[in-house]
Amino acid sequence: MTNSQITPQATIGKFNQLNIVALADNGAYLDAGELGEILLPKRYVPELCKVGESLKVFIYRDSADRLIATTETPLAQVGEFVSLKVIEVNKIGAFLDWGLPKDLLVPYNQQHTAMEVGKYYLVRVFLDQLTDRLAASSKLDKFIDIWPAEYQQGDKVNLIIGGKTDLGFKAIVNDLHWGLLYDNEIFQHLRVGKKITGYIKHVREDGRLDLILSRGSKNKVNDFSAKLLAHIADRGGISPLHDKSSPELIQRTLGVSKKTFKATVGNLLKKGKITIVKDGIKLV
């Protein structure tokens, strides 16, 4: 797409749509506004592109501390939380593999606990305003909003799983707030850094959030009925699942909690669509 009339303001650490202003043996030079012209190395330049064309690129600093563009996709951009693996620790700090040739630094003063090679840590990617260098921090609390969250019970939210607690798992809600998932309401495998959809179960008086991974409402039961009927039909009209089946088996097979499963079975029994037999549940 040609868009040579616009001079964009590019952002370090994020994807930008930039115009080609010159082609050279070593690559393409892109107009990055106040950041000047930035090189997109030849190995990333699409074939047959021309001056004036617009390319989507990520901007960061290379090993020589020069601003450079790439069409490769990092595992996270500035402002995002992500779980990354430590591949080196030296006197400067820990270096994380984030999918680009230059690894992402976590300085020692940004480490919540001392990082070790081979382990994964949940971090926030940020741009150091003094140096214009990209870095990451595992001191997550300073990136979480201190003001009480304004949510309603049942609101659908995006979650990033944080650390394990005595009660369950902490989770970052919509990149802004901490919430809590309780162990007795989790019916799937969770790991730190996993991104998942959840719901607001309860907003406490102090603004803290209790979370749940499924609504468990009447609408949820009705929505799941069709899936359960299809599951039974696919198995010749009889499913081996029943009220004594483990929550883990139900979650693994159907992707819902045992509570939702039992409520749906009860609903379908009342409607006369299924019956309980010795070996499980049978279509009527």
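Just so it is clear, the structure is predicted and the values come from calculations on it, not from any experiment. Heads up: numbering here begins at 1 and tracks the sequence. Computed over heavy atoms, backbone and side chain alike; hydrogens, waters and symmetry mates excluded.
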Quick one: pull up [atom1] in [X] and [atom2] in [Y] and give me the separation to the nearest 0.5 Å.
X: Arg43; Y: Thr71; atom1: CZ; atom2: OG1; answer: 9.5 Å
X: Leu35; Y: Ile59; atom1: CG; atom2: CD1; answer: 6.0 Å
X: Asp97; Y: Tyr120; atom1: CG; atom2: OH; answer: 8.0 Å
X: Ile20; Y: Lys50; atom1: CD1; atom2: NZ; answer: 11.0 Å

Is it true that [X] and [Y] have a side-chain N and a carboxylate O under 4.0 angstrom from each other?
X: Glu116; Y: Lys119; value: yes
X: Lys258; Y: Asp243; value: no
X: Glu185; Y: Lys259; value: no
X: Asp103; Y: Lys85; value: no

Between [X] and [Y], is any pair of side-chain heavy atoms under 4.5 Å apart?
X: Lys194; Y: Leu159; value: no
X: Leu96; Y: Glu88; value: no
X: Ile144; Y: Phe81; value: yes
X: Ile12; Y: Asp132; value: yes
X: Phe95; Y: Val89; value: no

Using distance alone, with no hydrogens and no angle criterion, decide if Gln17 and Ser54 have a side-chain donor and acceptor under 3.5 Å apart. yes
Between Tyr199 and Asp155, a side-chain donor and acceptor under 3.5 Å: no
Please name the pair of heavy atoms, one in [X] and one in [Y], separated by the smallest distance, quoted to 0.1 Å.
X: Pro107; Y: Ala136; value: CD-O, 3.8 Å
X: Ser137; Y: Lys142; value: OG-CE, 3.8 Å
X: Ala69; Y: Ile38; value: N-CG2, 3.6 Å

Excluding Ile146, membership of its hydrophobic cluster (Ile, Leu, Val, Met, Phe, Trp, Tyr; side-chain heavy atoms within less than 4.5 Å) reads Trp147
Between [X] and [Y], is there shared hydrophobic-cluster membership here, with clusters defined by ILVMFWY side-chain heavy atoms closer than 4.5 Å?
X: Leu254; Y: Leu269; result: yes
X: Val123; Y: Ile160; result: no
X: Leu134; Y: Val106; result: yes
X: Trp178; Y: Leu180; result: no
X: Met115; Y: Leu105; result: no

Aromatic ring centroids of Tyr121 and His112 under 6.0 Å? no
Any donor-acceptor N/O pair, [X] side chain to [Y] backbone, under 3.5 Å:
X: Lys156; Y: Ile200; value: no
X: Thr253; Y: Leu249; value: yes
X: Arg124; Y: Gly79; value: yes
X: Asn174; Y: Asn158; value: yes
X: Arg252; Y: Pro247; value: no
X: Lys139; Y: Asn109; value: yes
X: Asn16; Y: Leu18; value: no

Give every residue pair that meets the ring pair (Phe, Tyr, Trp, His ring centres under 6.0 Å) criterion with at least one member in residues 49-73, sequence neighbours excluded. Phe15-Phe58, Phe58-Trp98
Please check if the number of heavy atoms outside His242 that lie under 6.0 Å from its NE2 is greater than 12. yes
Is it true that atom NZ of Lys102 has more than 12 heavy atoms of other residues, nucleotides or ligands lying nearer than 6.0 Å? yes
Between Tyr151 and Val173, does a side-chain contact (heavy atoms from CB on, under 4.5 Å) hold up when you go through it step by step? CA-CA 10 Å; Tyr151 297 101; Val173 182; 3.7 Å; yes
Among Gln153, Lys201, His202, Arg204, find the one that has a side-chain hydrogen bond (donor to acceptor under 3.5 Å, both in side chains) with Asp210. Arg204
Stepwise salt bridge (charged side-chain N to carboxylate O under 4.0 Å, His left out) test for Lys42 and Asp25: CA-CA 7 Å; Lys42 186 175 182 178; Asp25 291 340; over 6 Å; no
